[in-house]
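First the structure, in the form of structure tokens, and then the observations on it.
All values below come from the heavy atoms of this structure, side chains included, with hydrogens, waters and symmetry mates left out.
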Amino acid sequence: MSDLTHTARRTVLTIGAAALTGGAITACGGGSGERAPQGEASGAATPPATPAPASSEAGAPASDKTLTKKADVPVGGGKVFKEEKVVVTQPKAGTFKCFTAVCPHQGCLVNKVENGSIDCPCHDSKFAIADGAVTKGPATKGLAEKKIKVAADGNISLA
């Protein structure tokens, strides 16, 4: 074999091997083009994205958006605000409470407040309107309380 043929063959084999190696590395990288955050392995299971909490926490600015008026929250009942993912209750006349509307059992939104109970439609968990405590499982944790402002004009907003 001539030196020219031998050199050309070696070059072709080297380029081919490099292409195969590059393809194998790319295939192992996950293929999405996104890099995993530091401390996480690529391809590791990640929990579903959780929406930002509706209430202000950790020094975040307070929300002045009115949720409802006092007159619209029945005594012994409440109202669910799906967009804000909160429920406002009035366990006794003039006392207003606010809780997350996300059921701690499996993350469904509660859908109604009646007969002194906040109800989750997914697995029929029930929570007390006065403190968000579980009154009927399968949920084992109560609804987290959220802070609200009740203004003199009767408007209720997240604090």
Stepwise, does the disulfide bond (SG atoms under 2.5 Å apart) test hold for Cys122 with Cys103? CA-CA 9 Å; Cys122 293; Cys103 179; over 6 Å; no
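Looking at heavy atoms from C-beta onward, Leu158 lies out of side-chain contact with Lys147 at the 4.5 angstrom threshold. In this structure the side chain of Glu84 reaches within 4.5 angstrom of the side chain of Leu67, judged on heavy atoms.
Judged purely by distance below 3.5 Å, without hydrogens or angles, the side chains of Ser117 and Asp119 pair a donor atom with an acceptor atom.
With sequence neighbours left out, the side chain to side chain contact (heavy atoms under 4.5 Å, CB included) criterion links Lys92 to Thr95.
Here the OG1 atom belonging to Thr89 is positioned 9.0 Å from the CZ atom belonging to Phe96, to the nearest 0.5 angstrom.
One finds no salt bridge joining Lys97 and Asp131 here, because no Lys/Arg side-chain nitrogen approaches an Asp/Glu carboxylate oxygen to under 4.0 Å. A salt bridge is absent between Asp72 and Lys70: the closest approach of a Lys/Arg side-chain nitrogen to an acidic carboxylate oxygen does not fall below 4.0 angstrom. For Lys65 and Glu83, the salt-bridge test passes: some basic side-chain N is under 4.0 Å from an acidic carboxylate O.
At most 12 non-hydrogen atoms from other residues, nucleotides or ligands lie less than 6.0 angstrom from NZ of Lys82.
Thr66 places no side-chain N or O within 3.5 Å of a backbone atom of Asn155 that could act as its donor or acceptor partner.
Contacts classified as ring pair (Phe, Tyr, Trp, His ring centres under 6.0 Å) and involving residues 110-131 (residues at least two apart or in different chains) are given here: His105-His123.
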